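To start, the structure itself, in structure tokens.
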Protein chains: 2
Amino acid sequence: MTGEKKSLGQRPRRVTAQTVAEQAGVSRSAVSRAFTKGAYLDAEKRRRILSVAAEIGYQPNALAAGLKGGNSHLVAIFAGDLRNPYDTAFVSQLVGSLNAIQKWPLLIDGNGARAAQALEEVLRYPLDALILRGGSLSGEIVEQCARYGIPMISSGRPLSAPGVDTVCCRNDQGARMGAELLISGGRRRIGFLGGPPELYSSCERRAGVMAALEAAGLRPVAEAVGDYTVDGGHAAARALLQEAGEIDALICGNDAMAIGALSAAREIGRAVPGDLAVIGFDDIDMARWTCFDLTTVRNPIDAAVREILRLLEARLGDPGKADETVFVDPVVKPRGTH
Amino acid sequence: MTGEKKSLGQRPRRVTAQTVAEQAGVSRSAVSRAFTKGAYLDAEKRRRILSVAAEIGYQPNALAAGLKGGNSHLVAIFAGDLRNPYDTAFVSQLVGSLNAIQKWPLLIDGNGARAAQALEEVLRYPLDALILRGGSLSGEIVEQCARYGIPMISSGRPLSAPGVDTVCCRNDQGARMGAELLISGGRRRIGFLGGPPELYSSCERRAGVMAALEAAGLRPVAEAVGDYTVDGGHAAARALLQEAGEIDALICGNDAMAIGALSAAREIGRAVPGDLAVIGFDDIDMARWTCFDLTTVRNPIDAAVREILRLLEARLGDPGKADETVFVDPVVKPRGTH
DNA sequence: TTGTAGGCGTTATCAC
DNA sequence: GTGATAACGCCTACAA
């Protein structure tokens, strides 16, 4: 009824402050102020403006606001593996926490060949920060981010580049504690089922296990490499247990593989924990399900996410602050498989 | 060394096209064109510009570009439950697929009281679309989105509002097929462990089960309500099996509860599938793990995500297109628990 | 092929 | 308190 041209099949233009101003009989600035907490504006006028805005469905355009130079409130999360249970739980928690402080996470699937390119595309947005969760990103890209001046927080592995904060689990310590638990329980013929050797966490965990064994005058009686998945752990454990039948304990690089190992043990007829102790790493939800009741080492998500948010806010508050590396302490969770 | 003022502790300004233009000795527009595929620009000049840009780390600011009126390439995903395995897998797949077509998903955790408010905040961005995955959003908000002219795609439950496309699983049909599988296997004393009654999927699945039973002249010998989690399913199944010992089959509202039910059955000493058949719904990864080998009804994520992307692109191509409701067909996955 | 001149929607600064 | 006005960084007619 307005008589304005309205080409069919065209997406309607977003309502702007201009329209609200006209309808309310005020200036654009007044509209802007109405939405700005603590700006000088007659209370009655503000009420009127907000009412008109609500009526015609106006919201300040965050893109335009971000353009002005402030923060965009956009935070990218580069997630190494969105399929694995630990990373998934981690990202979920992170997303919820970011939402709570009004930061909006742009999720990038770190899997596949396109991942790096996707990240590059997302970097076209003036991000408040970039959070790296696992995944193997070429150092080149990290450097580029640093050059763009985008604050980065790496979680899961240390990254030494200017402007990068890091939150890491003390993987070696956790793995050592896990191994010690088995050793102190009398296990001597210990096997190790590690994760992908190219991952930082795998190396650290392996080192922790070896340190504990060595300190006890032991050596692993068998060792294999898995892919951090349940299926992979199942297959690797099966092979390991059949080749080296004399194993009395199996230390796994993460819970997923440990759960796969439990199935394998059951299939082969090895009683857990009687014949065979199994220990994992991470303490994913599944670990405490009664059907698994897996003894593991907790890789605390809450603490890590809390630290990430603390670092984020600190960095946003003072972009020039010194880079930090924060460690999160693992905790042994004795359950029924050792 | 440039002599420019550089207040310490200040985040460096982003490099703009202006800077590139100056360094390369061309106009700002030339820089813009250099980054625009198919724009008129001397090849040599373009090469020079791109080289300068790469050197000083310039990328066109996507925010500013989006302001112009084109697509922002931002897509919000409102995820009902980021903790449950099915939704998690769904969102992962969706994120990966969106990344592949250069759409950047803003994830909103649909849990908790802040969810609606978070969505409202995110709506300040000129989104290309909003994808609803589960969750219970007040109709008011949905209406508001429609008024903003933001295309919406609802997955998991039908939403009748203008501009909303829907992708749904034929829950009733799937549940019916699952029940029929048990009935044709000779089971007669069938129990039903449903999901939260306020969820659309729960109602549909329950209806499908009841229809199948009725068609066979049966009635459920016991019924309980769970919360779609493993723990919840475990507790509910335990109670159900102990109260009504004569059950020979248990139909569960989803796989998570079915897996909980399997543990419960084992604890109580009911052999599966000998004494008791168990069937789930969804076919999450876990269902096919050898330790569960759960008979279930596949709620196909691939197909649903594919449809969502198809609808998204169709809507983006023609904003005025008619709303669609697409159904995705469930598939019975017979495994070892029936 | 190239540069100039708006305009996108907002916020902040400035006079009034 | 309030309203013009100038950025913010980009894209794109339009003119050269």
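All figures in this text were calculated on a predicted structure; none of them were measured in a lab. Protein chains get the first letters and strands the later ones, always in sequence-line order, with residue 1 at the start of each.
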Base, sugar-phosphate, or nothing: which does [X] touch, judged by heavy atoms less than 4.0 Å apart?
X       : answer
B:Thr16 : sugar-phosphate
B:Arg28 : nothing
B:Gln59 : sugar-phosphate
B:Leu63 : nothing

(message) Whether the side chain of B:Arg33 and the base of C:dG3 hold a donor-acceptor pair under 3.5 Å is what I'd like checked.
(response) yes
In this structure, how many angstroms lie between the [atom2] atom of [N] and the [atom1] atom of [X], rounded?
X        : N      : atom1 : atom2 : result
B:Tyr125 : C:dT10 : OH    : C1'   : 13 Å
B:Phe35  : D:dG9  : CZ    : C1'   : 13 Å
B:Lys37  : D:dC10 : NZ    : P     : 20 Å
A:Gln18  : C:dT11 : CD    : C1'   : 15 Å
B:Lys68  : D:dC10 : NZ    : P     : 14 Å
B:Glu44  : C:dT1  : CD    : P     : 14 Å
B:Glu22  : D:dG9  : CD    : P     : 12 Å
A:Leu67  : D:dC11 : CG    : P     : 12 Å

Within a strict 4.5 Å, meaning less than it, do heavy atoms of the [X] and [Y] side chains meet?
X        : Y        : answer
A:Arg315 : A:Glu324 : no
B:Val326 : B:Asp165 : no
A:Lys103 : A:Leu127 : no
B:Leu50  : B:Phe35  : yes
B:Pro105 : B:Asn99  : yes

(request) Hey, which sits more toward the 5' end of DNA chain C by its nearest nucleotide, B:Arg124 or B:Gly25? (result)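 Looking at DNA chain C, the more 5' nearest nucleotide goes with B:Gly25.
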Strictly below 4.0 Å: does [X] bring a side-chain N or O up to OP1 or OP2 of [N]?
X       : N      : value
B:Lys45 : C:dT2  : yes
A:Ser27 : D:dA4  : no
A:Ser29 : D:dG3  : no
A:Tyr58 : C:dT10 : yes
B:Ser32 : D:dC11 : yes

(request) Please round to the nearest 0.5 Å and tell me the distance separating atom CZ of B:Arg133 and atom CD1 of B:Ile77. (result)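 B:Arg133 CZ to B:Ile77 CD1: 11.0 Å, rounded to 0.5 Å.
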(request) Using the closest heavy atom to pick a nucleotide of DNA chain D for each, name whichever of B:Asn61 or A:Tyr40 lands nearer the 5' end. (result) A:Tyr40
(message) Looking only at the side chain of A:Leu41 (C-beta and beyond, no hydrogens), which of the listed nucleotides D:dT12, D:dT2, C:dT10 gets closest?
(response) D:dT2
